[in-house]
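Quick note on labels: first sequence line is chain A, next is B, and so on, each numbered from 1.
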Amino acid sequence: MNKLKRTEIFTRLRHDNPHPATELEYTNPYQLLVAVTLSAQATDVGVNKATRALFQKVRTPQALLKLGETGLKEYIKTIGLFNTKARNLIAAARILVREHNGEVPATREALEALPGVGRKTANVVLNTAFGQPTIAVDTHIFRVSNRTGIAPGKNVNEVERRLERCVPEAFRQDAHHWLILHGRYTCVARTPRCGSCTIEDLCEYRHKTEL
DNA sequence: ATCCCGAGGG
DNA sequence: CCCTCTGGAT
């Protein structure tokens, strides 16, 4: 896909989503870290329900340690992988209190050193909590990139590299949100809503029979 | 059956 | 690079 076409796509996606930062319910670093950690292999609806209840009581790593692993599981027991997530979040809270003064670090290295925090979660925290020009390639962005032809790749790492190469830093933070929102509401996994898609004429999907 | 705003390990 | 983990939704 050429640069002109890609630029036009992002222009339209921006028009579709004028306030991209509202995509996530939380921008507070710690709440964001917890919410994104819980979101692995879980629906956003289920995660948002759990975090809304949890954050009534817990907004800091200190508060989470007070709640304890068993207490935490009560809030997230309907979410996939909740045993692992609870264990990781407690372990991460200990590190935050002991090594980072109870604050969420703003560097990729420190973030990814936390149990349960990988590249995707670190990128979201850097993007949304700390305003860094990262693109966190989740399943939505991976699908949209490949289906449309914006930045196709075999795996998430390749898609991330290609996106960072073709999206200028100046609007990379917003582009991350445009892509996710497009994937969630229009370019959905099973049955994409091409009828209401504003970039259909530029999308490579209609020329294929799969993906 | 397949997918969901992944991480960790083989 | 690919698999598995695990619960709910579609």
Side-chain angles (χ1 to χ4, degrees), chain A residues 13 17 20-55 69 72-93 95 108-130 132 134-148 150-163 172-193 205 210-211:
Chain A
L13 291 182
N17 306 284
T22 59
E23 164 228 339
L24 289 163
E25 290 202 11
Y26 311 98
T27 54
N28 168 280
Y30 187 61
Q31 289 177 275
L32 186 62
L33 176 68
V34 173
V36 178
T37 301
L38 292 177
S39 71
Q41 295 305 104
T43 61
D44 53 334
V45 175
V47 172
N48 286 336
K49 191 177 171 188
T51 53
R52 271 196 292 272
L54 177 65
F55 292 158
E69 187 171 328
L72 174 58
K73 285 183 184 176
E74 276 306 306
Y75 285 95
I76 64 174
K77 61 186 177 184
T78 60
I79 297 176
L81 308 174
F82 73 92
N83 278 303
T84 305
K85 291 170 181 174
R87 181 167 15 93
N88 285 337
L89 282 171
I90 294 295
I95 295 176
R108 176 184 305 286
E109 297 72 30
L111 284 168
E112 291 190 2
L114 299 171
V117 177
R119 185 168 187 88
K120 146 76 184 178
T121 303
N123 273 335
V124 173
V125 172
L126 289 171
N127 175 311
T128 303
F130 297 121
Q132 295 300 306
T134 62
I135 293 181
V137 179
D138 60 8
T139 168
H140 284 322
I141 295 186
F142 185 74
R143 182 179 62 254
V144 170
S145 291
N146 278 319
R147 199 181 258 167
T148 60
I150 293 174
K154 292 187 296 293
N155 52 55
V156 290
N157 287 323
E158 187 174 353
V159 169
E160 183 180 324
R161 280 198 304 273
R162 299 197 57 180
L163 277 174
R172 200 177 288 165
Q173 189 184 358
D174 285 340
H176 163 82
H177 296 276
W178 299 334
L179 290 168
I180 286 189
L181 289 168
H182 186 66
R184 182 196 288 175
Y185 295 117
T186 303
C187 197
V188 297
R190 291 180 176 78
T191 51
R193 298 164 189 164
Y205 174 65
E210 57 181 358
L211 258 184

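Residue A:T121 places at least one side-chain N or O closer than 4.0 Å to OP1 or OP2 of B:dA7. Applying the 4.0 Å criterion to OP1 and OP2 of B:dC4, one finds that A:R143 has a side-chain N or O inside that range. Distances shown here put a side-chain N or O of A:T139 below 4.0 Å from the OP1 or OP2 atom of B:dC4.
In this structure, CZ of A:R87 is placed 12 Å from C1' of C:dT6, rounded to the nearest angstrom. Atoms CG (A:L181) and P (B:dC5) sit 11 Å apart, rounded to a whole Å. Look at CZ on A:R184: it is 16 Å from C1' on C:dT10, rounded to the nearest Å. Residue A:N88 contributes atom CG, which lies 13 Å from atom P of C:dT6 at whole-angstrom precision. Here the P atom of nucleotide B:dC3 and the CZ atom of A:R147 are 10 Å apart, to the nearest Å. The interatomic distance linking A:N127 (CG) with B:dC5 (P) rounds to 17 Å, in whole Å. A:K85 places its NZ atom 11 Å from the C1' atom of B:dC5, with the value rounded to the nearest Å. When the C1' atom of C:dT4 is taken as reference, atom CG of A:N83 falls 15 Å away, rounded to whole Å.
Counting only heavy atoms from C-beta on, A:L81 has its side chain closest to B:dG6 among B:dG6, B:dC4, C:dC1. Candidate nucleotides C:dG7, B:dC3, B:dG6 were compared by shortest atom distance to the side chain of A:F82, and C:dG7 ranks first. Considering only the side chain of A:K120, B:dC5 comes nearest among C:dA9, B:dC5, C:dG8. Listed candidates were B:dC4, B:dG6, B:dT2. Nearest to the side chain of A:H140 is B:dC4.
Listed here is the closest heavy atom pair of A:V47 and A:I79: CA-CD1, 4.1 Å. A:A92 and A:L114 get closest at one heavy-atom pair: O-CD2, 4.2 Å.
Backbone-only contact: A:G116 has heavy atoms under 4.0 Å from sugar-phosphate atoms and none from a base. Looking at heavy-atom distances under 4.0 Å, A:S39 makes contact with sugar-phosphate atoms alone, never a base. Counting non-hydrogen atoms under 4.0 angstrom, A:R119 reaches the backbone sugars and phosphates but no base. Heavy atoms of A:V47 sit nowhere under 4.0 angstrom from any nucleic acid atom.
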Task: side-chain contact (heavy atoms from CB on, under 4.5 Å) evaluation trace for A:H176 with A:N123 - done: CA-CA 10 Å; A:H176 163 82; A:N123 273 335; over 6 Å; no
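Judged by distance alone, the side chain of A:T51 and the main-chain N or O of A:N48 form a donor-acceptor pair under 3.5 Å. With hydrogens and angles ignored, the 3.5 Å screen pairs a side-chain donor or acceptor of A:R162 with a backbone N or O of A:P152.
In this model, no side-chain donor or acceptor of A:K154 finds a partner on the base of C:dC1 within 3.5 Å.
If A:V117 and A:A42 are placed on DNA chain B by their nearest nucleotide, the residue sitting closer to the 5' end is A:A42. Projected onto DNA chain C by closest heavy-atom contact, A:N155 and A:R190 fall at different nucleotides, the more 5' of which corresponds to A:N155. Across the interface with DNA chain B, nearest-nucleotide mapping of A:Q41 and A:L114 shows A:Q41 to be the residue nearer the 5′ end.
Rounded to the nearest Å, the gap between the C1' atom of B:dG8 and that of C:dG8 is 23 Å. Taking the P atom of each, C:dC3 and B:dT2 are spaced 14 Å apart, rounded to whole Å. Atom name C1', nucleotides C:dT6 and B:dC3: the rounded distance is 13 Å, in whole Å. On the C1' atoms, C:dC5 is 14 Å away from B:dC4, given to the nearest whole Å.
Interatomic distance, CD1 of A:I76 versus CG of A:L54, reported as 8.0 Å (0.5 Å rounding).
Of the charged side-chain nitrogens involved, at least one lies within less than 4.0 Å of a carboxylate oxygen, so that A:K73 and A:E69 count as a salt-bridged pair.
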